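Everything below concerns the one structure shown next.
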Amino acid sequence: MQYRLNERLALRGWDDHPFALQDLKAGSVSFLDEAAFRALSFCNGVMDVDSPLIPDMYRAAIGAFAARKAVEPCEAKRPLSPEQRLRVFPTRFVANVYWSITGRCNMRCRHCFMSAPQAKYGEMSHDKCMDIIRQMGGLGVPSVWLSGGEPLVREDFLELVDALTEQGINIARIYTNGLLVDEALLDELDGRGVHPDFFLSFDGVGWHDWLRGVEGAEQMAIDR
């Protein structure tokens with residue numbers, strides 16, 4: 001009998017955490033002891049776990065993982081996908097990156113510490129952002145939080161989403177003022193299998209418009 005990792009799980013390792021299991025959908029990472037990790041390595045959809053060459057302790061661990069739906073039996077051989085196979089990154093583990101992808105904004109907040117309404121800090125070029133995404137992928141960063149300025153004002157926002165997804169980086173949060181969050185955006189993200197939490201700014205009933213410098217911003221935030 002062969003066992004195979006659940007489709008959403010992958011084997012990972014970093015310098016300070018060599019034995020890890022990553023949830024590719026959620027971006028979360030679980031750290032394992034060496035014995036548990038070795039047991040999971042046998043669940044590659046090809047190896048017969050009933051073989052006498054596999055110690056009983058590993059078969060017992062595989063049974064425990066099967067009970068948790070982390071692995072599943074497969075009668076026919078079915079190798080792991082490239083994304084699921086073991087990748088070892090030559091760096092310390094970084095759980096997530098908080099990334100300001102632009103210094104621009106479509107509001108005029110009185111308290112903005114980035115002077116975003118004047119785009120004081122501008123924004124990195126598309127090519128520079130792509131290079132950063134490649135670097136994060138090469139370091140095994142599992143999760144990213146996107147912020148700004150207002151991250152949704154970038155014309156290449158969905159291209160950045162696609163690049164992050166291709167690197168296996170989960171977009172866990174988007175910090176936004178909400179003005180550009182609409183059904184079309186949600187449909188675009190959903191079509192990509194991307195379902196982040198949206199953190200919308202809100203400064204209080206009766207004060208939001210004044211602080212944000214945009215008439216109707218309070219009601220738009222509530223509607224979102």
Side-chain angles (χ1 to χ4, degrees), residues 8-18 20-31 81-107 109 112-182 184-201:
R8 64 186 292 157
L9 301 178
L11 299 172
R12 295 290 184 262
W14 290 265
D15 286 349
D16 54 341
H17 292 289
L21 188 65
Q22 180 178 345
D23 187 318
L24 298 172
K25 296 295 185 183
S28 58
V29 174
S30 302
F31 302 121
S81 67
E83 294 80 11
Q84 291 182 284
R85 295 170 190 163
L86 174 62
R87 290 189 66 187
V88 179
F89 302 99
T91 183
R92 294 175 61 84
F93 174 70
V94 176
N96 64 273
V97 169
Y98 185 102
W99 188 16
S100 175
I101 60 175
T102 182
R104 297 190 298 119
C105 187
N106 54 351
M107 282 191 173
C109 302
C112 182
F113 63 90
M114 292 184 64
S115 299
Q118 294 78 41
K120 177 180 178 180
Y121 295 102
E123 64 184 25
M124 290 177 289
S125 69
H126 175 79
D127 288 344
K128 181 61 176 177
C129 286
M130 290 297 178
D131 181 53
I132 289 173
I133 291 171
R134 284 191 293 270
Q135 291 184 54
M136 288 194 290
L139 297 175
V141 173
S143 178
V144 68
W145 300 349
L146 300 181
S147 181
E150 168 52 48
L152 300 180
V153 301
R154 284 197 67 114
E155 294 180 0
D156 61 353
F157 178 78
L158 289 174
E159 294 178 59
L160 300 188
V161 169
D162 290 338
L164 287 163
T165 301
E166 289 171 7
Q167 290 290 339
I169 301 172
N170 178 59
I171 303 172
R173 296 181 182 182
I174 296 176
Y175 291 85
T176 173
N177 58 40
L179 264 63
L180 298 177
V181 178
D182 56 19
L185 172 66
L186 297 179
D187 287 344
E188 289 283 359
L189 294 175
D190 182 57
R192 292 165 165 80
V194 176
H195 303 103
D197 292 328
F198 283 86
F199 283 66
L200 271 66
S201 304

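Just so it is clear, the model here is predicted, and its values are computed rather than measured.
In this structure, the salt bridge (Lys or Arg N to Asp or Glu O under 4.0 Å) partners of D156, at least two apart in sequence or on a different chain, are R154. With sequence neighbours excluded, the residues forming a salt bridge (Lys or Arg N to Asp or Glu O under 4.0 Å) with E188 are R192, listed by chain and number. Looking at residues two or more places apart in sequence or on another chain, you find a side-chain contact (heavy atoms from CB on, under 4.5 Å) between N106 and E150, V153, N177, L179, L180. Residues satisfying the side-chain contact (heavy atoms from CB on, under 4.5 Å) criterion with T165, sequence neighbours excluded, are V161, V194. Partners of N170 according to the side-chain contact (heavy atoms from CB on, under 4.5 Å) rule, which considers only residues two or more places apart in sequence or in another chain, are S143, A172.
The shortest distance between side-chain heavy atoms of H195 and D190 falls below 4.5 Å.
Separation of atoms CD (E83) and CG (L24) is listed at 7.5 Å; rounding is to 0.5 Å. Atoms CG and CG, on L146 and L152 in that order, are 9.0 Å from each other to the nearest 0.5 Å. Here the straight-line distance linking atom CZ of R8 with atom NZ of K25 works out to 7.5 Å at 0.5 Å rounding. Separation of atoms CE (M130) and NE2 (H126) is listed at 3.5 Å; rounding is to 0.5 Å. Distance check, rounded to the nearest 0.5 Å: CD of Q135 to CD of Q167 gives 10.5 Å. For the atom pair CG of L9 and CD of Q22, the computed distance is 9.5 Å after rounding to the nearest 0.5 Å.
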Check residues 88-99 and write down every donor-acceptor pair under 3.5 Å in which the side-chain atom is one partner and the other belongs to a residue at least two apart or another chain.
{"from": "Y98", "atom 1": "OH", "to": "S147", "atom 2": "OG", "distance (Å)": "3.2"}

Residues I132, M124; criterion side-chain contact (heavy atoms from CB on, under 4.5 Å); working and verdict: CA-CA 10 Å; I132 289 173; M124 290 177 289; 3.5 Å; yes

Chi angles and distances behind the side-chain contact (heavy atoms from CB on, under 4.5 Å) call for T176, F198: CA-CA 7 Å; T176 173; F198 283 86; 3.9 Å; yes

Working for side-chain contact (heavy atoms from CB on, under 4.5 Å), residues V29 and L21: CA-CA 6 Å; V29 174; L21 188 65; over 6 Å; no

I101 and F157: CA distance, side-chain angles, deciding distance, side-chain contact (heavy atoms from CB on, under 4.5 Å) verdict: CA-CA 9 Å; I101 60 175; F157 178 78; 3.9 Å; yes

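Listed here is the closest heavy atom pair of P151 and T102: CA-CG2, 4.0 Å.
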